[in-house]
Amino acid sequence: MAPHFSKWDYPKEVVLPTDAQLHLVEKGDTLWDLGNKYLSNPYAWPKIWEQNKWVKDPHWIYPGDPLTIPAVRVVGGAGAPPRAGDDVLNLQPDRSLTPKPAVPEWAYTFQDFIQLPYLVPEGAEAHLAALKALKIVDSDNPVRQNLGDGDRIYLDGGQDRGVKEGTRMIILKVAARKIPHPDDARGWGSVGDVMQQCGVVRILKVNPKGSIALIEKSMDGIEVGDHLAEYAEPANIPLRLRKDIAEPIPMGKTVGKVIYSRENHESFSGGDLVIIDKGIKDGLAVGNVLLSIREVTWNVNNSTEKTNRYLGQLMVVRDGENFSTCRILRSVEEMHVGDIVTR
């Protein structure tokens, strides 16, 4: 294998099992994507990981890493062409590739973590100061505005700020400033600024007053002027869905509203990340599943009738004192800022 940067002790020579394939990781590859490409099933990515035990963490694979892709079994009789994914769906019990229990569906994963928005009522500058965040002051691609995986960046802190080589940090950018509450029709008030996590870097070298870092994974364009804060490895949260969705939905103990969606989209649905105006003080915690509803009114004989209709389910994935970030697990129609959430 050609020498290249990798956190892992990748094999320098690869001997492929019968019918297996070799894949050299390219920029942007994930095991999830490779499971879909080679096995026609993204949830089959653990099969690839099992074949490459030198990869210690499936979140991190690096351009140039050699991955052994398990063989795709031919089914359908003599002369039948192979069908991608048949080894995942049609394994026989007496084969060495006996299928394991189905991989769980996740409500929240690493990919969600590195594109997570959250609200800071105190404002972006005060929040970054409290975090003692570092600032990106330059890059090795000065002609490019948007940086991504594999780019080197230069930071405004080093030994003087306690930075240590080999540590990881999360990249933060200001996504929106002074957003209004949806009930504030005139937009005269503000609930705060929105910060967004957009990537992870690893510190390569620390100097007395500056550091060099490598962007290991990004989910958004990273720019000079963005900031870095302490990184904590996220945990996957298994999917849990509620079944109490008979309309009309009764209002629970906690009733709030969606106040922002990632990238400020006007409409959003399953898989999107949103911010709501309820948090720890309202009894919410990470893992709570909320129902999203929309009120419906109509006139009958000069009076107004009200009900609601079900829109979908959301899980709290980051809790704050008065605001929380949620991931939409399921939706039956598009949601909008101002829609109601209830526990």
Side-chain angles (χ1 to χ4, degrees), residues 1-2 4-8 10-11 14 16-17 19-73 82-91 97 99-116 146-151 168 170-171 196-202 214-222 233-239 262-263 268-273 317 327-329:
M1 292 295 108
H4 65 279
F5 167 78
S6 178
K7 178 183 175 183
W8 315 123
Y10 60 89
V14 177
L16 292 175
D19 296 330
Q21 302 181 66
L22 177 67
H23 176 86
L24 294 181
V25 174
E26 299 177 354
K27 182 177 179 179
D29 280 350
T30 65
L31 292 184
W32 172 275
D33 294 331
L34 297 179
N36 189 51
K37 177 180 179 179
Y38 289 105
L39 305 176
S40 296
N41 183 354
Y43 291 105
W45 65 262
K47 294 174 64 61
I48 300 176
W49 189 26
E50 290 172 1
Q51 294 290 315
N52 300 273
K53 296 184 182 300
W54 50 270
V55 177
K56 303 302 182 184
D57 184 337
H59 290 153
W60 303 99
I61 53 176
Y62 299 87
D65 282 354
L67 295 178
T68 299
I69 308 298
V72 176
R73 191 168 71 89
R83 296 183 299 168
D86 283 333
D87 65 323
V88 176
L89 301 175
N90 299 298
L91 294 175
L97 296 179
K100 295 178 173 58
V103 176
E105 184 176 353
W106 301 108
Y108 177 71
T109 67
F110 177 76
Q111 312 307 13
D112 301 306
F113 168 77
I114 57 174
Q115 54 183 334
L116 186 83
N146 292 313
L147 306 171
D149 295 7
D151 285 331
R168 287 192 170 92
I170 187 78
I171 303 176
Q196 183 170 312
Q197 300 176 174
C198 53
V200 175
V201 308
R202 183 171 55 84
L214 178 76
I215 300 175
E216 289 193 327
K217 188 65 179 176
S218 63
M219 293 295 288
D220 202 349
I222 294 163
E233 186 71 26
N236 293 340
I237 303 177
L239 180 71
R262 194 179 79 87
E263 298 184 345
F268 31 90
S269 56
D272 286 329
L273 294 159
V317 295
R327 184 176 185 271
I328 301 175
L329 306 178

Quick check: does any side chain N or O of R168 sit under 3.5 Å from a backbone N or O of V200, one acting as donor and the other as acceptor? no
For K56, is there any backbone N or O sitting under 3.5 Å from a side-chain donor or acceptor partner on W8? no
For side chain to side chain contact (heavy atoms under 4.5 Å, CB included), just list the numbers for K37 and I69, CA-CA rounded to whole Å, side-chain angles, deciding distance to a tenth of an Å, and then say yes or no. CA-CA 11 Å; K37 177 180 179 179; I69 308 298; over 6 Å; no
Under 3.5 Å, side chain of N52 to main-chain N/O of T68, donor-acceptor pair present? yes
Counting only N and O atoms by type, is there a donor-acceptor contact under 3.5 Å from the side chain of H4 to the main-chain atoms of A2? yes
Tightest non-hydrogen contact, residues G35 and I48, listed as N-CD1, 3.7 Å
Can you tell me how far the CD atom of E233 sits from the CZ atom of F113, to the nearest 0.5 Å? 7.5 Å
Evaluate the side chain to side chain contact (heavy atoms under 4.5 Å, CB included) criterion for residues W106 and D112: first the C-alpha distance (whole Å), next the side-chain angles of each, then the deciding distance (0.1 Å), finally the verdict. CA-CA 10 Å; W106 301 108; D112 301 306; over 6 Å; no
The side-chain contact (heavy atoms from CB on, under 4.5 Å) partner of L273 among Q115, Q196, E263 is Q115
Can you confirm whether E26 sits close enough to L24 that some side-chain heavy atom of one is under 4.5 Å from a side-chain heavy atom of the other? no
Walk me through it: do I328 and S269 pass the test side chain to side chain contact (heavy atoms under 4.5 Å, CB included)? CA-CA 7 Å; I328 301 175; S269 56; 5.7 Å; no
Please report the closest heavy-atom contact between G148 and S218, naming both atoms and the distance. CA-OG, 3.6 Å
CD/Q21 to OH/Y38 distance, rounded to the nearest 0.5 angstrom? 6.0 Å
Hey, is the main chain of L67 close enough, under 3.5 Å, to the side chain of Q51 for a donor-acceptor pair? no
If you measure from NZ on K7 to CG on L214, what distance do you get to the nearest 0.5 Å? 12.5 Å
If you compare all heavy atoms of P66 against all heavy atoms of V14, which two are closest, and at what distance to 0.1 Å? CB-CG2, 3.9 Å
Reported CD1-to-CG distance for the pair I114 and D220, which is rounded to 0.5 angstrom: 10.5 Å
Residues P58 and W45: closest non-hydrogen pair is CB-CZ3, 3.6 Å
With side chain to side chain contact (heavy atoms under 4.5 Å, CB included) as the test, would you mind laying out the steps for T30 and Q111 before giving the verdict? CA-CA 10 Å; T30 65; Q111 312 307 13; 3.8 Å; yes
Within a radius of less than 6.0 Å around NZ of K53, do more than 12 heavy atoms belonging to other residues, nucleotides or ligands occur? no
Any chance you could measure L116, atom CG, to C198, atom SG, to the nearest 0.5 Å? 11.5 Å
How close do S6 and D65 get, heavy atom to heavy atom, and via which atoms? OG-OD1, 3.0 Å
Closest non-hydrogen atom pair, A235 against Y108: O-CD2, 3.7 Å
Both conditions, 6.0 Å and 45 degrees, for the charged tip of R202 above the ring of W60: are they met here? no
Has the side chain of N36 got a donor or acceptor atom that lies under 3.5 Å from a matching backbone atom of D33? no
Side-chain touch W49/V55, heavy atoms, less than 4.5 angstrom: yes
With a 4.5 Å limit on heavy-atom distance, are the side chains of D149 and E216 in contact? no
Decide yes or no on side-chain hydrogen bond (donor to acceptor under 3.5 Å, both in side chains) for N236 and T109, but give the supporting numbers first. CA-CA 5 Å; N236 293 340; T109 67; 5.2 Å; no
